[in-house]
Amino acid sequence: MSAIEVKPSLVTRSLGAFATLRAEPAYARLLLGGFISGIGDWFNTVAILGLLLRLTGSPLAISVSLAIRWAPRVLLAPLTGALADRAPRKVIVVTCDILSTVAALSFLLVTDASRVWIVWVGLTALVALSAFRGPASVGIIPAVVGPESLAGANALEGMSIGSMTILGAALGGVAATWFGPRPSFIINAVSFALSAILTISVAIPRTLSSETRGLAALQEPLSLIRRSPALKLVFALSFVVPLGAGASQTLTPVYGARVFNAGDQGIGTLFAAIGVGYLLGGLVAPRFAARPSLTMVVSLVACGMMEVTLSQSPTLAFAALAQGLFGGALAVMNTHLGTTVMRETPVDVLGRVAAVQEVINLSIIIPAALVAGALLNVIAPRTMGALAGAMIALVGLVAVIPARRIKE
């Protein structure tokens, strides 16, 4: 099977986000399901991060929780990608949502420091299920939308992330502050159940399953990446960007709770600010569909500059503004990164390509986050944030040269 063919005229005439919603009702329901479960996940995330800081008093616990969120994805990626290319993707998504509903309730058992281990077990279960769900979910998108809707769909994914972050992180911070973490855990479980119901209601066309097995199943996506200059750029960025991202994700709750002394509400505010930026970035991202590769790297430079600005922010409000601009640039970059992968990849290989990308990303971001958490005991958060941002910007500047040479 050949890759999804997109004529240059389609790239330049890509539908915008709201036009895609009108043109693709099946995708709209899938997007709503992901949006609901995403809100629940943010309630859970804010509650867990605040709970860990209170029970352990150590930023390293945050890094450990982030590592647990990522590690199963790396270990399971060869299996999850192959499964997404062979089994019905709708069945995978629905099954994972149902099992996640049960796993999300396990956090209700964490009542004191002696039960912190339940957090690790519960997070591992949720992330393992998410690892199976992710490649299948990515593979569904080009099966339910037309080629002209791919950029709009990926923009909507970014806008959905932004919106769910605004609502989930902000309301999650309020809920954890006023009512404690337990209601947030229940909301997360309910959100998974609603996502499963919405996915069941969507008729998803059956795509051809990959017949490639064994070692060849792993070599096929790697060979595809080597043949595509655009995919080479995407995967090159996947090797270097996580170094800064690992430090950034560790720093955000530390900024909110400690640097600005705002507790759970500060954590929620900074995550919500990223969401606002993500929402606005998704609105403008399809406007740059003609030059996706160059747009990716320029957006990366902007991300690094905003990370440096955040690290030197004098107040929480100023930091939230920098986070918002960071989120906007990130949304534009991720929209075109996702669109590039879908346009350059055959449908029957897409699950494995998505899995390879995730393995590269997480294999780097996990140790980066752990090292960042450990170094925060000896390096000031603002100093680490400035270094991480400078590195991200430098990578983007270097990548501008090959990006300009890619014909799109």
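Not counting sequence neighbours, the partners of Phe185 by the ring-ring contact (aromatic ring centres under 6.0 Å, His included) test are Phe107. Remark: Arg227 pairs with Ser223, Leu224 by the side chain to side chain contact (heavy atoms under 4.5 Å, CB included) rule, at least two apart or across chains. Partners of Leu397 under the side chain to side chain contact (heavy atoms under 4.5 Å, CB included) rule, at least two apart in sequence or in another chain, are Val301. Judged as a side chain to side chain contact (heavy atoms under 4.5 Å, CB included), and not counting sequence neighbours, the contacts of Leu280 are Val276, Leu283. A search for side chain to side chain contact (heavy atoms under 4.5 Å, CB included) contacts involving Ile118 returns Leu109, Val110, Arg115, not counting sequence neighbours. For Phe132, the ring-ring contact (aromatic ring centres under 6.0 Å, His included) test picks out no residue, with sequence neighbours left out. Scanning for side chain to side chain donor-acceptor pair (under 3.5 Å) contacts around Tyr255 gives an empty result, with sequence neighbours left out. Listed by chain and number, the residues in a side chain to side chain donor-acceptor pair (under 3.5 Å) with Thr309 amount to none (sequence neighbours excluded).
Taken to the nearest 0.5 Å, the CG atom of Leu99 stands 12.5 Å off from the OG atom of Ser130. For the atom pair Phe235 CZ and Arg226 CZ, the distance stands at 12.0 Å (nearest 0.5 Å). For the atom pair CE of Met306 and CG of Leu330, the computed distance is 13.0 Å after rounding to the nearest 0.5 Å. If you take CD1 on Ile141 and CG on Leu30, they are separated by 8.5 Å, rounding to the nearest 0.5 Å. Rounding to the nearest 0.5 Å places OG of Ser299 at 7.5 Å from CZ of Phe288. Rounding to the nearest 0.5 angstrom, the gap separating the CD1 atom in Ile197 from the CD1 atom in Ile98 is 9.0 Å.
The backbone N or O of Trp120 lies less than 3.5 Å from a partner atom in the side chain of Thr124, making a donor-acceptor pair. Of the possible donor and acceptor atoms, none in the side chain of Thr199 sits under 3.5 Å from a partner among the backbone N and O of Val94. In terms of modelled atom types and a separation under 3.5 Å, the side chain of Thr95 and the main chain of Ile92 share no donor-acceptor contact.
The side-chain heavy atoms of Ser293 and Met296, taken from C-beta on, include a pair separated by under 4.5 Å. With a 4.5 Å cut-off on side-chain heavy atoms, Arg29 and Leu32 do not count as touching. The side-chain heavy atoms of Met342 and Thr339, taken from C-beta on, include no pair separated by under 4.5 Å. Residues Ile39 and Phe35 meet the side-chain proximity criterion, which asks for heavy atoms closer than 4.5 Å. Contact annotation: the side chain of Ser100 approaches that of Leu126 to within less than 4.5 Å [non-hydrogen atoms, C-beta and beyond].
Annotation for Gly34 and Ser37: closest pair O-OG, 3.1 Å, computed over non-hydrogen atoms. Looking at every heavy atom in both residues, Gly256 comes nearest to Leu270 through N-CD1, 3.6 Å. Closest non-hydrogen pair, Leu316 versus Phe260, comes out as N-CD2, 3.5 Å. Residues Ala320 and Ala273 approach most closely at O-CB, 3.2 Å, considering heavy atoms. Closest approach of Asn188 and Ala104 over heavy atoms only: ND2-CB, 3.7 Å. Nearest heavy-atom pair across Ile200 and Lys90 is O-NZ, 3.0 Å.
For residues 127-144, the set of pairs meeting the salt bridge (charged side-chain N to carboxylate O under 4.0 Å, His left out) definition, not counting sequence neighbours, comprises Asp97-Arg133. Applying the side-chain hydrogen bond (donor to acceptor under 3.5 Å, both in side chains) test to pairs two or more places apart or on separate chains, those with a residue in residues 323-336 are Tyr278-Asn334.
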*Could you walk me through whether Leu294 and Val400 pass the side-chain contact (heavy atoms from CB on, under 4.5 Å) check?*
CA-CA 6 Å; Leu294 185 59; Val400 166; 4.2 Å; yes
*Does the side-chain contact (heavy atoms from CB on, under 4.5 Å) test come out yes or no for Val190 and Ile36, once each step is laid out?*
CA-CA 9 Å; Val190 172; Ile36 292 172; over 6 Å; no
*Let me see the working for Val297 and Leu233 under side-chain contact (heavy atoms from CB on, under 4.5 Å), right down to the final yes or no.*
CA-CA 9 Å; Val297 297; Leu233 176 63; 4.3 Å; yes
*Please assess Leu171 against Val46 for the test side-chain contact (heavy atoms from CB on, under 4.5 Å), listing each intermediate value before the final yes or no.*
CA-CA 10 Å; Leu171 296 179; Val46 174; over 6 Å; no
Show every donor-acceptor pair shorter than 3.5 Å between a side-chain atom in residues 378-392 and any protein atom, with sequence neighbours excluded, or say none if there are none.
{"residue": "Arg382", "atom": "NH1", "partner": "Ser311", "partner atom": "O", "Å": "3.0"}
{"residue": "Arg382", "atom": "NH1", "partner": "Ser313", "partner atom": "O", "Å": "2.7"}
{"residue": "Arg382", "atom": "NH2", "partner": "Ser313", "partner atom": "O", "Å": "3.0"}

